[in-house]
Structure formats: structure tokens, C-alpha cells
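Worksheet for the structure shown next.
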2 protein chains.
Amino acid sequence: MSELTSPTYTRADEAFDCLQTAIVKGELAPGEKIGELELCSRFNLTRGPLREALGRLESRGLLVRRPHAGVKVVSVSASELMELYRIREVMEGLAARQAAERMTDQEIADLQATLNAHERMIDEAQGQAYYQAEGDYDFHHRIATGSRNTKLAQMLLGDLYYMVRMYRYRLSTSTGRPQRALGEHRRIVEAIAQRDGELAEFLMKRHINAARQNIEQKIEQGELTI
Amino acid sequence: MSELTSPTYTRADEAFDCLQTAIVKGELAPGEKIGELELCSRFNLTRGPLREALGRLESRGLLVRRPHAGVKVVSVSASELMELYRIREVMEGLAARQAAERMTDQEIADLQATLNAHERMIDEAQGQAYYQAEGDYDFHHRIATGSRNTKLAQMLLGDLYYMVRMYRYRLSTSTGRPQRALGEHRRIVEAIAQRDGELAEFLMKRHINAARQNIEQKIEQGELTI
DNA sequence: CTCTCCAGTATTGTTGACAATATTTACCCT
DNA sequence: AGGGTAAATATTGTCAACAATACTGGAGAG
């Protein structure tokens with residue numbers, strides 16, 4: 001999932017990827033206390049590499065450890081999820097600005113093609129929130145890497161997105177507003193294509209702000225319980 | 001250094017802290033290839049806990065590992081350092097805004113006291129860049145935690161600051177402009193005390209931007225070689 | 001009947017030995 | 001003499017047994 005590009009793929013990498021996807025997909029429920037031996041038998045690992053992977057995951061904030069007391073998946077409250085969106089707002093705003101300054105013409109063309117594919121997916125699989133989420137993820141992923149800011153991309157792709165995706169899977173029934181989001185995506189790409197970094201940043205911040213308010217509203221209405 | 005609050009302090013925590021401070025202080029030079037057994041004898045550890053700590057540090061971007069080839073301390077180029085400041089600009093801007101909304105009156109009073117202490121340090125130990133850097137670090141630290149945004153504080157304190165401090169130590173001879181920075185700090189705290197989040201964000205962004213330009217200029221003049 | 005203390009158990013933390021792989025060095029071939 | 005290949009070496013990756021600690025259940029006292 002992450003280090004497949006590396007020539008050799010170590011057991012610890014395997015453990016890391018397995019656990020990460022398991023957590024993100026919700027197969028390991030937040031707050032659930034998990035034993036090491038249980039994980040070992042589940043993923044065919046031994047405790048050495050497993051513990052190394054646990055260290056990495058703890059460092060990324062996906063789980064918490066208490067010495068001699070075990071490991072449990074992190075549980076994020078509603079308010080903490082909102083805080084994550086506030087962070088995304090400023091960081092992805094920066095990413096969009098730098099992407100506008102640095103993406104190649106080819107990358108921008110690919111990005112536009114991605115949006116077209118996304119539009120087809122919305123038409124064909126109406127309400128299939130899963131594919132919508134994947135399309136959305138792809139869009140933000142491309143802009144993060146397009147920023148050419150290594151650390152920024154690392155923080156977005158390695159830390160924030162996994163935590164957000166945790167919730168995408170859990171309450172996968174619709175982030176709602178797919179057409180609206182697509183429109184916002186198009187305008188962001190337009191700004192990037194025109195190399196208008198300032199506008200791209202503004203539009204991206206507003207886009208994520210809207211997504212946050214959408215979720216906030218649903219939580220208040222009790223449609224989404226966390 | 002980080003988990004000393006925890007009741008029990010595991011070997012892996014010890015290894016993590018030792019290595020982190022060693023990297024930050026420059027005792028382990030960037031780009032330097034380091035062997036596990038060497039580290040074990042140096043810090044009186046065994047390889048198990050050490051490897052767990054290495055996983056954490058890799059995840060935080062302080063070192064890179066290639067399977068079977070060893071570990072080396074990450075080396076950050078000048079341009080990458082500038083990118084770090086761009087990230088700090090938006091993230092600490094957010095932190096300042098949220099701190100203005102959420103810090104207690106007591107915390108704000110403590111923050112002002114910190115600045116007074118900082119002023120004395122500048123007067124007494126003129127040019128002692130080390131203490132200036134410590135004061136600066138303390139200021140930004142308080143605002144990050146004052147934001148009450150767990151993940152934001154975690155990313156700033158756990159990821160970014162250590163990378164920046166790496167350079168503070170290396171080119172410890174003056175970030176320059178101590179009085180000027182202090183004045184900027186004061187104005188930020190003023191805005192926070194008045195609960196003006198918008199202004200606090202603006203001033204913080206400008207403050208970090210100025211620091212970035214200061215370093216950039218020195219690099220161009222060849223005073224700081226990276 | 002409840003609360004506390006103690007012992008047993010199960011789980012985590014640690015260690016040292018074993019296996020696999022990249023680097024290095026030496027040798028052979030061109 | 002230079003380059004390339006192959007064996008040797010040293011380092012990393014992995015494993016299974018040992019030690020230390022937190023949780024659980026029961027027994028006794030209030």
C-alpha cells in the first residue's frame with residue numbers, strides 16, 4: 001500500500017500495511033483493545049515485526065499504547081474530526097497554491113481527465129458513495145503530490161488522509177453532495193490551469209470548509225453518530 | 001523527553017528519545033549511515049527496542065531506511081527547509097487563531113510572562129543565540145498546545161519542530177533579529193489577549209514568513225551553507 | 001453485602017540466537 | 001590495467017524463549 005515500490009518488502013512493512021488498512025476499513029473498531037498474539041495469528045506474523053509496525057502506527061496517531069496494558073485503536077470524537085478538517089483546510093490550501101505554481105501541464109491534463117472519469121462514475125453509479133469517495137481521494141491525492149512539497153505531501157497522505165478515510169468507510173453512506181463537490185473540484189483545477197495560486201488556495205479552503213460544514217450539519221441532525 | 005509523564009518508561013521510549021535528541025543536536029550528522037549494533041552499544045540498548053524506535057523515527061521523517069542496507073539520518077536541502085517554513089506558516093497561523101479563541105486567561109498571562117523572561121534573556125546574554133532559540137521554541141510550543149487542537153499540536157510538536165530544530169542547532173549562530181522577533185511575538189500575544197483570532201493568524205503568518213525570508217537571504221549571501 | 005487485598009494468570013517487554021540479504025573484496029577474464 | 005563476476009563478510013531481518021508487569025478472580029474482613 002505504501003512501500004510496494006521498494007525492491008524488498010519486509011515483514012514489518014507488511015504488518016504496517018495490513019494493520020493500517022484494517023484500521024481504516026473499520027475491521028478493527030475504534031477503541032477496541034487488541035492483543036499482539038491475536039494480531040499475529042490473524043496476519044501470519046511474529047511479534048518482532050508486528051511491534052515495529054505498532055510503533056510506526058502509534059507515531060502516526062492511528063493507535064495508542066499503554067505500557068504492559070496493550071494497544072487500542074484510536075477513537076476520534078466528532079469534535080476532533082472537525083479539527084482534522086480545520087487542519088486540512090489550511091494545508092490543502094497551501095498544496096493547491098503550490099500545485100498551481102509547480103504542476104506540469106501534463107499533470108494538469110491528467111487531473112482534468114480524472115475529473116471527467118469522476119463525473120462518469122457519479123452518473124453511472126448513482127449514490128454509490130464508495131466510488132465517489134475514491135474519486136475525491138484521488139483528486140486530493142494528486143494535488144498534494146503536485147505541490148512538489150515533500151513534507152507537505154507526506155503529512156497529508158501519511159497522516160491526515162488515513163484518519164479521515166477511517167470515517168469515510170465507517171459512515172460510507174454518502175458524504176452527500178457529489179455534483180456540488182465535483183463542481184468545486186472543476187473550479188479549483190481551472191484556477192490551477194491558469195496558474196492562479198492565490199485563487200486555487202481560496203477555492204480549496206472554501207471547498208474543504210463546505211465539506212466540514214456538511215458533516216457538522218449531519219452530525220447535529222443525528223444522521224451520523226460517532 | 002516526550003513520554004516521561006508515562007508511569008512506566010519502556011526501553012523503546014528511551015531509545016526513541018535518545019536518538020531524537022542526538023539527531024536534533026547534530027550528534028548524528030545528516031546523511032550519515034549508522035549501524036544498529038553501533039547505536040546499541042552507544043546507548044546501551046538491545047536491537048529489539050532499538051528497531052521499534054527506528055520505525056517511529058522513520059515514520060516521523062527524521063531518518064530513512066533501506067531494507068538490508070541500513071539507516072541514515074535524513075538530510076534536508078535548503079529548498080526543503082524553506083518548504084518546511086511554508087507549512088509552518090499556515091499551520092501555526094491556524095494554531096494562533098484557535099489559541100485566541102480557546103486559551104484560558106491564565107495561559108495567556110503565562111505566555112506574557114514567558115515573553116518578559118525572553119526579553120531579559122536577550123538583554124543579559126546578548127548574542128547567545130542558543131537561549132534565544134529556546135525562548136522562541138517555548139513561545140511557539142505554548143501556542144500550539146493552546147490551540148486545543150490535538151492533532152495540530154501533535155503534528156507541529158512531533159513532526160515539524162524537530163526538523164526545524166535540527167537546523168537551529170546546526171547553524172546555531174543566530175537566527176538574527178532577536179528584538180524584532182520579540183516585538184512580533186508581543187503583537188501576536190496582544191491579538192490573542194484581545195481574542196482576535198483573525199488578527200493573530202495574520203500576524204503569526206507574517207512572523208513566520210519574515211523568519212523564512214531572513215534565512216533565505218542568509219543562504220543566498222552564503223552565510224549559511226546547508 | 002460490599003470493599004479491599006492478595007495471589008494467579010495472561011499479556012507485554014526484552015533478550016539473544018538464527019536466517020537472509022546487501023556490500024565488499026578479491027580474483028579472473030578481457 | 002580495467003571491468004566484471006563470485007565468494008566472503010558484515011549487517012539487517014526474523015524468530016522463539018525468558019522476564020517483568022498489569023489485569024482478573026477469589027477470599028477475607030468490615
Side-chain angles (χ1 to χ4, degrees), chain A residues 1-20 22-23 28-75, chain B residues 1-20 22-23 28-75:
Chain A
M1 220 70 175
S2 67
E3 336 270 354
L4 275 171
T5 55
S6 181
T8 55
Y9 187 63
T10 176
R11 292 292 228 200
D13 294 330
E14 188 184 334
F16 181 77
D17 289 342
C18 286
L19 280 172
Q20 179 158 263
I23 291 171
L28 296 169
E32 184 179 351
K33 190 208 161 205
I34 47 184
E36 293 187 0
L37 42 89
E38 183 191 335
L39 291 176
C40 289
S41 62
R42 187 163 171 173
F43 297 110
N44 273 32
L45 296 162
T46 67
R47 285 184 59 216
L50 178 80
R51 284 178 64 80
E52 201 180 314
L54 291 178
R56 290 196 225 175
L57 288 165
E58 183 191 20
S59 194
R60 295 206 176 180
L62 283 178
L63 47 82
V64 292
R65 291 168 99 176
R66 238 179 34 196
H68 292 101
V71 182
K72 68 175 186 180
V73 180
V74 77
S75 68
Chain B
M1 220 71 176
S2 69
E3 338 269 353
L4 275 171
T5 56
S6 182
T8 55
Y9 187 63
T10 177
R11 293 291 228 203
D13 294 331
E14 190 185 331
F16 181 76
D17 289 343
C18 287
L19 281 172
Q20 180 158 262
I23 292 173
L28 296 169
E32 183 179 351
K33 190 209 164 202
I34 47 187
E36 292 186 0
L37 43 88
E38 182 190 336
L39 292 175
C40 288
S41 62
R42 186 163 173 175
F43 297 110
N44 273 31
L45 295 161
T46 65
R47 286 184 59 215
L50 178 81
R51 285 178 63 81
E52 202 181 314
L54 291 178
R56 289 196 225 175
L57 288 165
E58 182 191 21
S59 194
R60 295 203 177 182
L62 282 178
L63 47 82
V64 292
R65 290 168 100 176
R66 239 181 33 198
H68 292 101
V71 181
K72 69 176 185 180
V73 180
V74 77
S75 68

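Here is the naming used below: chain letters follow the sequence lines, and residue numbers restart at 1 for every chain.
- Proximity note for A/Thr46 (side chain, C-beta onward) versus C/dT14, D/dT14, D/dT12: the nearest is D/dT14.
- Applying the salt bridge (charged side-chain N to carboxylate O under 4.0 Å, His left out) criterion to B/Glu32, with sequence neighbours excluded, gives no partner residue.
- Where A/Pro49 and A/His68 each meet DNA chain D at their nearest nucleotide, the meeting point lying more 5' is that of A/Pro49.
- Salt-bridge formation is not detected for the pair B/Asp17/B/Arg56: no Lys NZ or Arg NE/NH1/NH2 atom is positioned less than 4.0 Å from an Asp or Glu carboxylate oxygen.
- Evaluation of atom-type donor-acceptor distances gives no pair under 3.5 Å for the side chain of B/Arg65 against the base of D/dG13.
- Straight-line distance from the CZ atom of B/Phe16 to the P atom of C/dG13: 16 Å, rounded to whole Å.
- Rounded to whole Å, the distance from CZ on A/Arg51 to P on D/dT14 is 15 Å.
- The shortest distance between the side-chain N/O atoms of A/Arg47 and the OP1/OP2 oxygens of C/dT11 is not below 4.0 Å.
- One distance of note links CG of B/Leu39 with SG of B/Cys18; it measures 10.5 Å at 0.5 Å rounding.
- Rounded to an integer number of Å, the gap from CG of A/Asn44 to P of D/dT14 is 14 Å.
- For the pair A/Glu38 CD and C/dT11 P, the computed distance is 10 Å after rounding to whole Å.
- Side-chain contact between B/Leu28 and B/Arg42 is present, with at least one heavy-atom pair separated by less than 4.5 Å.
- The shortest distance between the side-chain N/O atoms of A/Arg11 and the OP1/OP2 oxygens of C/dT21 is not below 4.0 Å.
- Where B/Ile34 and A/Ala69 each meet DNA chain D at their nearest nucleotide, the meeting point lying more 5' is that of B/Ile34.
- Counting any heavy atom pair closer than 4.0 Å across all strands shown, B/Gly35 reaches sugar-phosphate atoms only and no base atom.
- A straight line from OH of B/Tyr9 to C1' of C/dT14 spans 16 Å, rounded to a whole angstrom.
- Which of C/dG13, D/dC23, D/dT12 sits closest to the side chain of A/Glu36 comes down to C/dG13.
- Dashed line: the shortest gap from a side-chain N or O of B/Thr10 to OP1 or OP2 of C/dT14 is under 4.0 Å.
- As a whole-Å value, the separation of B/Leu50 CG from D/dG13 P is 11 Å.
- Here the C1' atom of nucleotide C/dT14 and the CD atom of A/Glu52 are 15 Å apart, to the nearest Å.
- Rounded to an integer number of Å, the gap from CZ of A/Arg66 to C1' of D/dA22 is 9 Å.
- A/Glu52 has a carboxylate O that lies under 4.0 Å from a charged side-chain N of B/Arg65, or vice versa, which qualifies the two as a salt bridge.
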